Amino acid sequence: MDFTNKKRSYYCGQVTAANIDETIVLKGWAHSRRDHGGIIFVDLRDRTGICQVVFDPDVLVDKFATAHGLRDEYVLAIEGKVRRRPEGTINAKMHTGEIEVLVKDFEILNTARILPFKLDDYAKTSEDIRLKYRFLDLRRPEMQKKFMMRHKLYQVVRKSLSDQGFIEFTTPILTKSTPEGARDFLVPARLSPGNFFALPQSPQLFKQLLMVAGYDKYFQIATCFRDEDLRANRQPEFTQIDIEASFITPEEMFDYVENLVCNVWKECKGIDIPRPFKRLPYAESMLKYGSDKPDLRYDLSITEVTDLFRDVEIKVFSNVIAKRGRIRALRLPGGAALSRKQIDDYTAFVGVYDAKGLAWFKVQENELQSPLAKFLTPEKTAEFVAAVKAEVGDIIFIVADREKVVCDALGALRQKLASDMKLYDPKAFSFAWIVDFPLFEYSERDKVYTPSHHPFTAWVSEDTPKMEEYVADPDKFKNVHPDDHPLKGVRALAYDLAVNGEEMGGGSIRIHRADVQSLLFRAINIGEEEAQDKFGFLLNALSFGAPPHGGLAFGVDRMLMLLLGETNIREVIAFPKTQSGTDLMSEAPSQITDAQLKEVYIKVDLPPETK
RNA sequence: GGAGUCGUAGUUCAGUUGGUUUAGAACGCUGGCCUGUCACGCCGGAGGUCGCGAGUUCGAGCCUCGUCGGCUCCGCCA
């Protein structure tokens, strides 16, 4: 029989005891075959599941020889009768394990070459091979579950935001390159020789313009592009849930977003997240957790001990104090059991973050065991132990360095210790809004303050004089210590949502007045002319009755990582890039022809060593 | 740009201090047998440029250097 016009009756995973005695048509892939010489069992699979179909020589007669030729991943159409499996052969592990389909007729719709790897859940395959044959990798039930979840997430987001009055838009992919932020991906503009489009790092400016246009509440599931190096949680193209609303307070924004996030966790995970989420000021987060995206599933925390060591004769500490650095301590309960080797490993671990050392103190009855213990008087020892609330059997780690190094090193060590010591439930979730971000952060490399969020972020209005003080005479502050710089203390109206140590989303209230935006540009050394050239359209729009507005964006891929318990973003992206930014399946990027280059007026000029 | 780590059969891996035979195992593949399996089973078979290139050595899968690729991290990522 020709199955071309034979409609599929059910998906494989949907056939149950309710269908017994029905004659049905199934189509799918041969997942596994068990050929007994006589009778043959095939597990027919599609995206919904697996159904056992039976090829019986007494039923099929002439066609039975063909059934012997079936191989893994052949594409089949079968017609047969659903029947209860014989006594003792019911498979309780299978959703459809109560029944089977006795094949009366079938057609091989397509054959398959021998696979480069097995598609079952038992065999683990290295990632480069999975990526090269991504179309097969994605055929695995395990992967299909992830992308069903991704679909579900999209649906919940659309419903939840639409129900809350948000309007979905599509904004351009070919946009204008802007300074600041990440490196742009560029696209030559054939119709404007010598000019280039940039792919959007986010729809930031467009959504602000939609607020100016009066749409009041906007959202988009947007693809964003940033040409920077990749990480386990970072791809050059990624998806954001982009949100913006007019006339709102940060608290209203939190309310909309918490509602959305709770809907997502409820629908996708079946979990009720308690509301409202914790609010944690940036400064407190950096001090206690060494991070602006702390993992709060466990309660290790860092203690400031700079002042305590001011009058202690430890040279490495006093040097740090003299340079206005910080000394901070991290207590690990029960950590006195760590071996010298383990401590050495942790010392090497914090070295990655530029920490020049890791001091340690094991807490014993009435004394500390440490190479540095001899420098502490009994009174100082007691004061130190009390300050970090240490108990006998604990270990206290100390990093003394520039504030950034101390935060990075102890923040990373905190995560590492918690993970090594299994201090948290990997299935738990901790949500926290990180608030009161500084508007600017100091760049050690460039010796200047740059926006810590993006240059459209509004700030607390009482801090405007600090901005004006700097802008009035920037040269005056060229050589002042960064801690004394007027821009250091400017508080942004920005917020991030940190989940399990990941930054899942972030946003801010935006600048909505052209004069205020100009002040910000001057503070970050973007001149009037450059501002007009790069952002003239925004300044223009802000001058035509732009309403106060703000919003935020969520990393969809990171959200899915969290929902699925994945530690790698490639697992939730259908066709991801490798760490070197290539696609092993299509072999993109690739060379193009001279004719193509000529058409867009580009000459390639590689440095000698890459030619 | 930098650091670490991995690269052996189609796949996942083992391969000791540089020398034990023809570089092994499991799964997959393949030929045969098998009418109640469900990661079917049993008997047989094929399958290798040890990522690539130099070097050290009487001798290299193993040591050295370079290079390519995967992954993790630092820098970078508003």
Side-chain angles (χ1 to χ4, degrees), chain A residues 31-44 50-59 64 68 71-73 85-94 96-97 100 102 113-133 136 178-184 201-202 204 224-236 238 348-355 405 408-409 412 416 437 439-441 443-446 449-457 492 494 496 503 506-508 520 524 553 555 567-568 570 577-580 582 584 609:
Chain A
H31 185 67
S32 88
R33 105 202 101 92
R34 296 172 291 279
D35 186 340
H36 289 250
I39 200 159
I40 300 170
F41 300 98
V42 169
D43 287 338
L44 200 64
I50 279 171
C51 181
Q52 173 165 288
V53 299
V54 186
F55 296 82
D56 186 324
D58 303 330
V59 176
F64 191 72
H68 272 298
R71 293 293 180 269
D72 283 356
E73 299 305 309
R85 292 195 190 184
E87 200 65 38
T89 64
I90 286 171
N91 188 340
K93 286 183 288 187
M94 280 173 80
T96 60
E100 63 188 11
L102 180 65
R113 286 162 51 199
I114 294 163
L115 300 162
F117 51 88
K118 277 287 269 185
L119 301 193
D120 59 31
D121 296 342
Y122 306 94
K124 287 278 164 270
T125 307
S126 61
E127 199 180 353
D128 48 344
I129 291 166
R130 290 175 53 206
L131 289 176
K132 181 172 177 186
Y133 298 94
L136 291 178
T178 55
E180 297 291 322
R183 197 175 291 112
D184 286 323
Q201 293 179 29
S202 80
Q204 182 61 35
C224 307
F225 306 86
R226 294 177 192 175
D227 186 7
E228 297 293 347
D229 287 5
L230 293 85
R231 284 286 188 284
N233 64 356
R234 227 160 69 191
Q235 283 272 306
F238 58 98
F349 176 79
V350 296
V352 171
Y353 302 90
D354 272 353
V405 171
D408 288 354
K416 173 92 174 138
F437 272 81
L439 188 62
F440 302 100
E441 64 190 7
S443 161
E444 289 289 340
R445 193 192 55 187
D446 302 330
Y449 274 93
T450 58
S452 44
H453 191 53
H454 59 50
F456 318 109
T457 304
D496 279 359
E503 179 194 329
S508 62
L520 189 279
I524 58 172
T567 54
N568 173 339
R570 296 179 299 278
K577 308 279 188 288
T578 65
Q579 185 159 45
S580 52
T582 65
L584 293 178
E609 67 272 19

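Here is how names work: the chains are called A, B, and so on, in the same order as the sequence lines, proteins then strands, and each is numbered from 1. Please read these numbers as outputs of a predicted model, since none were measured by experiment.
Projected onto RNA chain B by closest heavy-atom contact, E228(A) and R33(A) fall at different nucleotides, the more 5' of which corresponds to R33(A). Summary of the strand contacts: Q201(A) and S580(A) both lie near RNA chain B, and taking for each the nucleotide with the nearest heavy atom, the more 5' one is attributed to S580(A).
For the pair Y133(A) OH and rG28(B) P, the computed distance is 19 Å after rounding to whole Å. If you measure from atom CG of N233(A) to atom P of rU72(B), you get 9 Å, rounded to the nearest angstrom. Distance CG (L44(A)) to P (rU37(B)): 21 Å, rounded to an integer number of Å. Counting to the nearest Å, the C1' atom of rG1(B) and the CZ atom of R183(A) are 11 Å from each other. The NZ-C1' distance, from K577(A) to rC77(B), rounds to 17 Å in whole Å. Rounded to whole Å, atom P of rG75(B) lies 16 Å from atom CG of L230(A). Atom CZ in R130(A) sits about 11 Å away from atom P in rC71(B), given to the nearest Å. The nearest whole Å value for the distance from the CG atom in D35(A) to the P atom in rC40(B) is 12 Å.
Shortest non-hydrogen contact noted between Q204(A) and F456(A) is CG-CD1, 3.9 Å. Of all non-hydrogen atoms in F225(A) and F238(A), the two that sit nearest each other are N-CE2, 4.5 Å.
If you check distances only, the side chain of R85(A) does reach the base of rC38(B) with a donor-acceptor pair under 3.5 Å. No N or O donor and acceptor, one from the side chain of R226(A) and one from the base of rC77(B), sit under 3.5 Å apart. In this model, no side-chain donor or acceptor of R231(A) finds a partner on the base of rC71(B) within 3.5 Å. One N or O donor and one acceptor, one from the side chain of N91(A) and one from the base of rC38(B), sit under 3.5 Å apart. Contact of D229(A) with rG75(B) (side chain to base): a donor-acceptor pair of N or O atoms is detected under 3.5 Å.
Nucleic acid contact class of D354(A) (heavy atoms, under 4.0 Å, all strands): none. Residue-level contact check: S452(A) touches the backbone only, with heavy atoms under 4.0 Å from sugar-phosphate atoms and none from bases. Contacts of T582(A) with the nucleic acid, taken as non-hydrogen atoms under 4.0 Å apart, involve only primed sugar atoms and P, OP1 or OP2. Here F456(A) lies out of heavy-atom contact (under 4.0 Å) with every strand. At a threshold of 4.0 angstrom between heavy atoms, the contacts of P455(A) include nucleobase atoms, whether or not backbone atoms are also involved. Among the protein residues, T89(A) comes within range of the nucleic acid bases, having at least one heavy atom under 4.0 Å from a base atom. Among the atoms of the strands shown, none is found under 4.0 Å from any heavy atom of E441(A). Across all strands, S202(A) comes closer than 4.0 Å to base atoms (heavy-atom distances). No engagement by R113(A) is indicated, since no non-hydrogen atom pair under 4.0 Å with the nucleic acid exists.
Checking the phosphate oxygens (OP1, OP2) of rC40(B), a side-chain nitrogen or oxygen of R34(A) falls inside 4.0 Å.
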- Can you check salt bridge (Lys or Arg N to Asp or Glu O under 4.0 Å) on R33(A) and D43(A), steps first, answer last? CA-CA 6 Å; R33(A) 105 202 101 92; D43(A) 287 338; over 6 Å; no

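By the side-chain hydrogen bond (donor to acceptor under 3.5 Å, both in side chains) test, S580(A) is found to be paired with T578(A), residues two or more places apart in sequence or in another chain being considered.
With rU37(B), rU35(B), rC29(B) as the candidates, the nucleotide lying closest to the side chain of P57(A) is rU35(B).
Atom-to-atom distance recorded for F55(A):CZ and H68(A):NE2 is 11.0 Å, nearest 0.5 angstrom. Separation of atoms NZ (K124(A)) and CD (E127(A)) is listed at 12.0 Å; rounding is to 0.5 Å.
Around NZ of K132(A), the count of heavy atoms belonging to other residues, nucleotides or ligands within 6.0 Å does not exceed 12.
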Pick out the pairs of N or O atoms, protein on one side and nucleotides 9-13 of chain B on the other, that lie under 3.5 Å.
unit_1  : atom_1 : unit_2  : atom_2 : d
rG10(B) : O2'    : P116(A) : O      : 3.0
rU11(B) : O4'    : P116(A) : O      : 3.3
rU12(B) : OP1    : S126(A) : N      : 2.6
rU12(B) : OP1    : S126(A) : OG     : 2.6

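Residue side chain H36(A) fails the stacking definition with respect to rU37(B), as its ring centre and the base's six-membered ring centre are not both under 5.5 angstrom apart and under 30 degrees in plane angle.
Using a cut-off of 4.0 Å between Lys/Arg side-chain N and Asp/Glu carboxylate O, K118(A) and D72(A) are scored as salt-bridged. Comment: D184(A) does not engage R226(A) in a salt bridge, judged by the lack of any side-chain N to carboxylate O separation of less than 4.0 angstrom.
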